[in-house]
Amino acid sequence: MNWQTMKPSIKERIKFMLNNDLFSDVKFLVFDEMNESKQAIPAHRFVLSISSPVFEAMFYGQLAETSGSIELPDCDYESLLELFRYLYSDEVKLKDSNVMGVLYVAKKYVVPTLADKCIKYLQNMVDPSNVLRILSSAIWYQEKNLVDRCWRVIEEQTKDVVKADNLFATIDKSLLDAIVHRDTLNIKEVDLFRAVDFWAKRNCESQGLIASGKEKRKILGERIVKSIRFPTMEQVDFAIATLDSKILSGGEIVRVIHHMNSVLSSPVGFPAVKRSGFFGDIKRCCRFGSVSSRRRWKNDFSKDCINISVDRDLRLHGVRLFGGENNSCWVVLEIRNAENKGILTSKAGWFSSQTLHGTLGQYCGFEVLFDSAVSLKRCISYSIEVSITGSDSCSGRNGYKSMKCHAATITFLNSKYCENGTSVKCGQIPEVLFSI
């Protein structure tokens, strides 16, 4: 048969040679999961080499492979066949079941255009059921856009992600560490802790250990345990979860309960600020352009104040404040009507300074959230007043008179009631927390 005459273009003729013994000068032996056996894929050295520098070195380099049969124990039949399909025709048949394998061979044999197709496919298929598996590969291959996409899914749908118990329990400890340190998770802290406890239990079992509280804590390590925000849990949830897990010591349980009831004057030992992502609709508006660590701000219970007004009705949930490193402060926060000085809401208690993340980068401080959000009406001036007793802290500088934050414009004004020097330009109260 004159097959050449039936295929008028060179693309069609080369595509015809895919997985074809005709003119083949090398065979690849790979495992075929469907048939549960090794299968041979015939190929052509020249075709592979003009598309992959790895194949070029393999077949035409100084240490060229001369064997007519090459075994690839790290590749599977379907993935290698799709790689060859792409090299022979610029086409590929990606599926959820093969895309990770195809990405592996595309990276191994340095075919960046195919790797890009795999990454794009993965970005579109990421969901809570597979995000942890995809993220691990994205980190390994240093694919930043895919990594970012995975973290967005984890942040927005954290509860669904950790519900995939069998997958969550198999992630590497380094990935677990990265997750629990994430400030923007959208999950109740008690649910996150239960998932972490389940991870520790499964890892104990896989190592033939009894899943006692002591062994689970040892496997988790102090860095992970100390990153769980126990003080932000409801007291009932905290009591049940910690007693069931047996991970915390009796002293740690007592300190957290004391903190919850505002009777603790020393650091609680765990982050006491709720994760910013948990509230979903809560936004942060930063009023400073930078942080000054040189000018130490006195926190001696003198009042720091700033007035704000908004261009649309908002709900104010609280504020972020600067704090000293590894210290606790006594805080009294009040929101008043700036004109008649009537108190709209207030919050008082001990707060432990943490490393906060935001527009300003990292800084030491804490979030103070009201028990119930207060409504701010447009075109009315409000006064945020805070008194802090604690160590000196950094301060904000290069302040903005107004900021457009998430479809709302917030205007900042100096307050005549300020005693400690905070103004539009510098000082305390770096961020306000609100929802529209």
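Quick caveat: nothing in here was measured; it's all calculated off a predicted structure.
Looking at residues two or more places apart in sequence or on another chain, you find a side chain to side chain donor-acceptor pair (under 3.5 Å) between S9 and E12. With sequence neighbours left out, K425 forms a side-chain contact (heavy atoms from CB on, under 4.5 Å) with S423. With sequence neighbours excluded, the residues that form a side chain to side chain donor-acceptor pair (under 3.5 Å) with S129 are D127. With sequence neighbours excluded, the residues that form a side-chain contact (heavy atoms from CB on, under 4.5 Å) with S249 are E252.
With salt bridges taken as basic N to acidic carboxylate O contacts below 4.0 Å, none links E91 and R85. Salt-bridge annotation for R223 and D177: present, with a side-chain N of the basic residue lying under 4.0 Å from a carboxylate O of the acidic one. Under a 4.0 Å N-O distance rule, the pair R229/D183 qualifies as a salt bridge. Using a 4.0 Å cut-off between charged nitrogen and carboxylate oxygen, R378 and D311 do not count as a salt-bridge pair.
Judged purely by atom type and a 3.5 angstrom limit, N261 has no side-chain atom pairing as donor or acceptor with the backbone of V263. Proximity of a side-chain donor or acceptor of K216 to a complementary backbone N or O of S245 within less than 3.5 Å is detected.
Checking S292 against S395 by side-chain atom types alone, no donor-acceptor pair falls below 3.5 Å. Residues Q354 and S352 bring no donor and acceptor atom of their side chains to less than 3.5 Å of each other. A side-chain donor from one of S393 and N299 sits under 3.5 Å from a side-chain acceptor of the other. Side-chain atoms of N327 and S353 include no donor-acceptor pair closer than 3.5 Å. When only modelled atom types and interatomic distance are considered, D21 and S24 share no side-chain donor-acceptor pair under 3.5 Å.
Aromatic ring orientation, F366 versus F351: parallel (interplanar angle below 30°, classes split at 30° and 60°). In this pair, F230 and F238 present their aromatic rings perpendicular. The plane angle is above 60°, beyond the 30 to 60° band.
Here the two rings, on Y109 and F55, have centers that are under 6.0 Å apart. Aromatic pair F322/Y363: centroids less than 6.0 angstrom apart. In this structure, F16 has its ring center closer than 6.0 angstrom to the ring center of W3.
Counting only residues at least two apart or on different chains, the ring pair (Phe, Tyr, Trp, His ring centres under 6.0 Å) pairs with a member in residues 70-104 are F28-F84, H44-Y88. Contacts classified as salt bridge (charged side-chain N to carboxylate O under 4.0 Å, His left out) and involving residues 106-117 (residues at least two apart or in different chains) are given here: D74-K108, K107-E143.
Nearest heavy-atom pair, L314 versus A408, reported as atom, atom and distance to 0.1 Å: CD2-CB, 3.9 Å.
The side chain to side chain contact (heavy atoms under 4.5 Å, CB included) test with I154 singles out one residue from V126, L132, D160, and that residue is L132.
Geometrically, K226 engages F270 in a cation-pi contact defined by less than 6.0 Å to the ring centre and at most 45° from the axis.
Applying the 6.0 Å contact sphere to CD of E33 captures no more than 12 heavy atoms from other residues, nucleotides or ligands.
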